[in-house]
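Scroll down for the structure; my scribbles are underneath it.
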Amino acid sequence: MSVSKRTLAYDYLRDQIVFCKMKPGDLIDEKAVSARLGFSRTPVREAINKLAEEGLVQVFPRKGIIVSQLSLKDLNDMLDSRMLVEPYLMHQAFAHLDAQTLRSYRAAAKTRLERGSVKPVSIQDDFDYTFHMYFARQAGNQYLLAFMSTLLALSQRTRVFLPYQEGRDEASCQEHIAIIDAALNGDEEGAVEAIRAHLHNSRISYLQASRVHADYFR
């Protein structure tokens, strides 16, 4: 099945925003984006409307389209929401997890630990995004899946925009492995607690970084 032009435009713009190729406060030229993609303005406008619903852009009629600023409130709201939603998704997904897929994630996490990781430059090579979205997909709730994608967009954007804290990459990999190992051992509650611990530590890291770089936030 072919991918719609709206989806292609959305993926392009989301990638540009999340990975800070378009920075907070930048003006989006709808006509230029249409020309770059070779599309009419209709699918680009539809993609922008979806991004506005997710809070990644702000649309000002007769004024323009602006890449949304990072907000401490948004960051805290995102972290609170993930803490509520992801344990539930793990419970719902647990009976549908595939051991081979989990082992492939574990191998990828071990490789990152051994070789060190670099900032992702696209959604496709962002381990954290694909890892957390796997559990959301296996839970089978289309609305929570869409919600998780929105939450992780802000999470990705924050991780890309803020300088990495020393040691956090390695700790995050270990936390992902702990989630996987609990799941492979059939320990549902252990996997849920490992998710909670990972999100708790992510919150500490994000908020420490935001205090050091307060000028990045409105």
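This structure is a prediction, so every number in the text was calculated from the model and none was measured.
Nearest heavy atom pair, residue A191 against residue A182, reads N-CB, 3.4 Å. The shortest heavy-atom contact between M83 and H200 is CE-N, 3.7 Å. The two residues G55 and S68 come nearest to each other via the heavy atoms O-OG, 3.0 Å. Scanning both residues, D74 and L154, for their nearest heavy atoms gives O-CD2, 3.3 Å. Between L151 and M78, the shortest heavy-atom distance links the atoms O-CG, 3.4 Å. Contact detail for S40 and S34: the closest heavy-atom pair is O-OG, 3.7 Å.
Environment of CZ in R41: crowded, with over 12 heavy atoms of neighbouring residues, nucleotides or ligands closer than 6.0 Å.
A continuous path of hydrophobic side-chain contacts links F39 to L51 [ILVMFWY only; heavy atoms under 4.5 Å]. Under the 4.5 Å side-chain heavy-atom criterion for grouping Ile, Leu, Val, Met, Phe, Trp and Tyr, Y12 is connected to V44 within one hydrophobic cluster. A chain of hydrophobic side-chain contacts below 4.5 Å, direct or via other Ile, Leu, Val, Met, Phe, Trp or Tyr residues, connects L207 to L152. Note: the hydrophobic cluster containing L13 also contains L8 (ILVMFWY, side chain heavy atoms under 4.5 Å, direct or indirect links). The cluster map of Ile, Leu, Val, Met, Phe, Trp and Tyr, joined by side-chain heavy atoms under 4.5 Å apart, puts L27 and L56 in different clusters.
D126 and Q156 form a side-chain donor-acceptor contact under 3.5 Å, judged by distance and modelled atom types alone. For the residue pair Q138/H96, the side-chain donor-acceptor check at 3.5 Å is not satisfied.
Here the straight-line distance linking atom CG of D26 with atom NZ of K21 works out to 13.5 Å at 0.5 Å rounding. The distance from the CG atom of N201 to the OG atom of S205 is 9.0 Å, given to the nearest 0.5 Å. With values rounded to the nearest 0.5 angstrom, Q174 atom CD is found 5.0 Å from L113 atom CG. D187 CG to F94 CZ: the interatomic distance, rounded to the nearest 0.5 Å, is 6.5 Å. Summarising the geometry, atom CG belonging to N185 is positioned 6.5 Å from atom CG belonging to D181; distances are rounded to the nearest 0.5 Å. The structure places CG of L79 at 11.5 Å from CG of L84, a figure rounded to the nearest 0.5 Å.
In this structure a side-chain-to-backbone donor-acceptor pair under 3.5 Å is present from N76 to L72. A donor-acceptor pair under 3.5 Å links the side-chain atoms of S202 to the main chain of H198, judged by distance alone.
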Pair N141, Q92 - check side chain to side chain donor-acceptor pair (under 3.5 Å), show working. CA-CA 9 Å; N141 185 312; Q92 297 302 111; over 6 Å; no
Carefully, step by step, assess H176 and R112 under the rule side chain to side chain contact (heavy atoms under 4.5 Å, CB included). CA-CA 11 Å; H176 287 142; R112 286 164 61 86; 6.0 Å; no
List the steps and the verdict of side chain to side chain contact (heavy atoms under 4.5 Å, CB included) for F131 and I180. CA-CA 10 Å; F131 177 76; I180 295 165; 3.6 Å; yes
Could you please spell out the steps behind the side chain to side chain contact (heavy atoms under 4.5 Å, CB included) verdict for E86 and M148? CA-CA 8 Å; E86 291 198 60; M148 271 296 295; 3.6 Å; yes
Begin with the C-alpha distance, continue with both residues' side-chain angles, and end with the deciding distance and a verdict on side chain to side chain contact (heavy atoms under 4.5 Å, CB included) for Q16 and I28. CA-CA 11 Å; Q16 294 286 305; I28 296 176; over 6 Å; no
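Between S149 and Y129, some side-chain heavy-atom pair lies under the 4.5 Å cut-off. Proximity of R82 to H132: side-chain heavy atoms (C-beta onward) are separated by under 4.5 Å at one or more points. Here the side chains of I48 and V33 are not in contact, with every heavy-atom distance at 4.5 Å or above. Between V67 and K23, the closest side-chain pair of non-hydrogen atoms is not below 4.5 Å. In this structure, L70 and L75 have side chains that are not in contact, with every pair of non-hydrogen atoms separated by 4.5 Å or more. Looking at heavy atoms from C-beta onward, H91 lies out of side-chain contact with L89 at the 4.5 angstrom threshold. Side-chain contact between Y206 and S155: present, with at least one pair of heavy atoms (C-beta onward) separated by less than 4.5 Å. With a 4.5 Å cut-off on side-chain heavy atoms, T42 and E46 count as touching.
Using cut-offs of 30° and 60° for the angle between ring planes, the F127 and Y105 rings count as perpendicular.
Checked for salt-bridge contact, E193 and R196 meet the test: a charged N lies under 4.0 Å from a carboxylate O.
In this structure D80 satisfies the salt bridge (Lys or Arg N to Asp or Glu O under 4.0 Å) test together with R203, sequence neighbours excluded.
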